[in-house]
Visitor: 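I'd like to ask you about the structure that follows.
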Amino acid sequence: STTIPRGPQKASGFSAWQPTFSEPATAAHAVQYASKFFVANPWMCSVSLTVNDGGGYSESDYRRAAELPGGKGTLSDVYYEYINTVARALKSACPGKYVASLAYGVTEEAPAFRLEDNVLLFVLNEPKVVLGRWGEKARHFGVYMWLYGNNWWLFPNHWPHALQEA
């Protein structure tokens with residue numbers, strides 16, 4: 001389970017960071033970045049705005065976090081409002097292109113609202129379970145699976161039946 005920290009945070013040796021998703025300038029910058037990305041790479045169908053690994057969310061976003069039953073914290077409403085803001089702007093600027101994101105960590109839970117139709121949401125680990133929680137909140141889904149092994153061991157794995165069942 002993910003715990004949302006409260007109060008001042010002590011920096012660790014790991015330099016995780018996130019933009020402040022609730023800051024309007026963050027979405028404006030993402031729209032500008034994605035627009036330039038699609039002009040430079042017209043064959044690409046999506047741009048990823050997935051959260052960085054390792055935490056590092058802003059205090060401003062943490063103050064907007066929701067607590068789920070059992071004490072688990074989520075930033076899904078904050079984060080997916082940012083995703084929707086970018087997706088709405090890109091609908092007209094870059095028709096036919098998608099904003100991709102991975103439902104991961106404190107953004108794994110579905111928000112209280114539906115995602116824009118040009119958002120491509122990737123789920124991982126237990127796709128059937130996660131998809132069940134998302135219901136009708138998103139239109140386009142992908143599955144991301146760690147097929148390279150556990151604990152960062154780089155042993156080749158090939159599990160076509162597991163992928164089919166996911």
Side-chain angles (χ1 to χ4, degrees), residues 1-2 4 16-58 61 64-66 68 72-149 152 157-166:
S1 90
T2 304
I4 301 293
W17 70 273
Q18 309 290 336
T20 300
F21 297 113
S22 58
E23 170 58 47
T26 301
H29 181 77
V31 169
Q32 182 181 32
Y33 166 80
S35 297
K36 288 180 181 178
F37 173 82
F38 287 129
V39 167
N41 304 283
W43 60 91
M44 298 296 288
C45 64
S46 68
V47 62
S48 176
L49 296 180
T50 296
V51 297
N52 294 313
D53 207 0
Y57 296 90
S58 74
D61 286 350
R64 292 169 172 81
L68 300 171
K72 183 179 177 183
T74 179
L75 285 171
S76 289
D77 282 359
V78 173
Y79 173 70
Y80 290 110
E81 181 54 42
Y82 154 76
I83 292 293
N84 271 352
T85 299
V86 175
R88 279 190 295 273
L90 289 178
K91 276 184 187 180
S92 59
C94 304
K97 303 296 184 179
Y98 292 84
V99 174
S101 183
L102 178 65
Y104 178 68
V106 295
T107 67
E108 182 178 349
E109 298 300 322
F113 45 85
R114 185 172 166 79
L115 298 184
E116 293 291 324
D117 288 344
N118 60 330
V119 173
L120 173 58
L121 185 73
F122 284 85
V123 297
L124 72 153
N125 294 337
E126 296 291 333
K128 288 181 182 177
V129 172
V130 176
L131 288 172
R133 291 194 308 255
W134 274 83
E136 298 296 319
K137 300 288 176 112
R139 182 173 180 190
H140 305 285
F141 289 96
V143 175
Y144 177 85
M145 300 193 68
W146 281 309
L147 297 180
Y148 48 79
W152 304 104
N157 291 303
H158 183 65
W159 301 329
H161 297 295
L163 281 174
Q164 181 179 7
E165 293 169 7

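No hydrogens, no waters, no symmetry mates; every other heavy atom, side chains included, goes into these values. Predicted model only: the values in this text are computed from it and were never measured.
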Visitor: Under 3.5 Å, which donor-acceptor pairs link side chains of residues 39-49 to any protein atom two or more places apart or in another chain?
Guide:
residue	atom	partner	partner atom	Å
Asn41	ND2	Phe37	O	2.9
Ser48	OG	Thr50	N	3.3
Ser48	OG	Thr50	OG1	3.1

Visitor: Given Tyr57 and Val106, is the side chain to side chain contact (heavy atoms under 4.5 Å, CB included) satisfied, shown in steps?
Guide: CA-CA 10 Å; Tyr57 296 90; Val106 295; 3.5 Å; yes
Visitor: For the pair Arg114 (side chain) and Glu136 (backbone), establish whether a donor and an acceptor sit closer than 3.5 Å, ignoring hydrogens and angles.
Guide: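 Between the backbone of Glu136 and the side chain of Arg114 there is a qualifying donor-acceptor contact (under 3.5 Å).
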Visitor: Is the number of heavy atoms from other residues, nucleotides or ligands within 6.0 Å of NE2 (His29) greater than 12?
Guide: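 Counting neighbours around NE2 of His29, 12 or fewer heavy atoms of other residues, nucleotides or ligands fall under 6.0 Å, so no.
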Visitor: Check the pair Phe141 / Trp134 against side chain to side chain contact (heavy atoms under 4.5 Å, CB included), numbers first and verdict last.
Guide: CA-CA 10 Å; Phe141 289 96; Trp134 274 83; 4.1 Å; yes
Visitor: Backbone N or O of Asn118 within a donor-acceptor pair of the His140 side chain at under 3.5 Å?
Guide: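 Side chain of His140 to backbone of Asn118: no pair is present.
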Visitor: To the nearest 0.5 angstrom, please state how far the OH atom of Tyr98 sits from the CZ atom of Arg139.
Guide: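 Here the rounded value is 7.0 Å.
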Visitor: Locate the shortest heavy-atom distance separating Tyr80 from Ala103; write the atom from each residue and the value.
Guide: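 Scanning both residues completely, I find the closest heavy atoms to be OH-CA, 3.5 Å.
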Visitor: Which atom names give the shortest non-hydrogen contact between Val86 and Ala27, and what distance separates them?
Guide: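 That closest heavy-atom pairing would be CG2-O, 3.8 Å.
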Visitor: For a quick test of reading the model, state the closest non-hydrogen atom pair linking Ala112 to Asp77 and the distance between them.
Guide: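 Looking at all heavy atoms of both residues, the closest pair is N-OD1, 2.8 Å.
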Visitor: Using atom types as modelled and distance alone, determine if a side-chain donor or acceptor of Thr26 lies under 3.5 Å from a backbone N or O of Thr20.
Guide: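 At least one qualifying donor-acceptor pair exists.
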Visitor: Provide the closest heavy-atom pair for Phe122 versus Val143 in the form atom of the first, atom of the second, distance.
Guide: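 Looks like CD2-N, 3.8 Å.
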Visitor: Let me confirm one number: the OH-OG1 distance from Tyr79 to Thr74, rounded to the nearest 0.5 Å.
Guide: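 Reported to 0.5 Å precision, the distance equals 11.5 Å.
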Visitor: About how many Å separate CG of Asn84 and CZ of Arg88, when rounded to the nearest 0.5 Å?
Guide: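 So the CZ of Arg88 and the CG of Asn84 are separated by 5.0 Å.
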Visitor: Does Ser58 offer a backbone N or O that forms a donor-acceptor pair with the side chain of Gln18 under 3.5 Å?
Guide: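 Not a single qualifying donor-acceptor pair exists.
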Visitor: For the CG atom of Asp61 and the CD atom of Glu23, what is their distance to the nearest 0.5 Å?
Guide: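 With rounding to 0.5 Å, CG (Asp61) is 9.5 Å from CD (Glu23).
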Visitor: Which pair of non-hydrogen atoms, one from Ala87 and one from Val119, has the smallest distance, and what is that distance?
Guide: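 Closest approach of Ala87 to Val119: CB-CG2, 3.7 Å.
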Visitor: Where do Phe113 and Glu81 land on the side chain to side chain contact (heavy atoms under 4.5 Å, CB included) test, with the steps shown first?
Guide: CA-CA 9 Å; Phe113 45 85; Glu81 181 54 42; 4.1 Å; yes
Visitor: Kindly write out the residues that satisfy side-chain hydrogen bond (donor to acceptor under 3.5 Å, both in side chains) with Lys91, not counting sequence neighbours, or none if the list is empty.
Guide: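 With sequence neighbours excluded, Lys91 shows a side-chain hydrogen bond (donor to acceptor under 3.5 Å, both in side chains) to Glu116, given in chain and number order.
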Visitor: Would you say the side-chain atoms of Ser76 pair up with the backbone N or O of Glu109, donor to acceptor, closer than 3.5 Å?
Guide: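 It does hold such a pair.
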Visitor: What's the shortest heavy-atom distance between Cys94 and Ser35, and which atoms?
Guide: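 Closest approach of Cys94 to Ser35, heavy atoms only: SG-CA, 4.0 Å.
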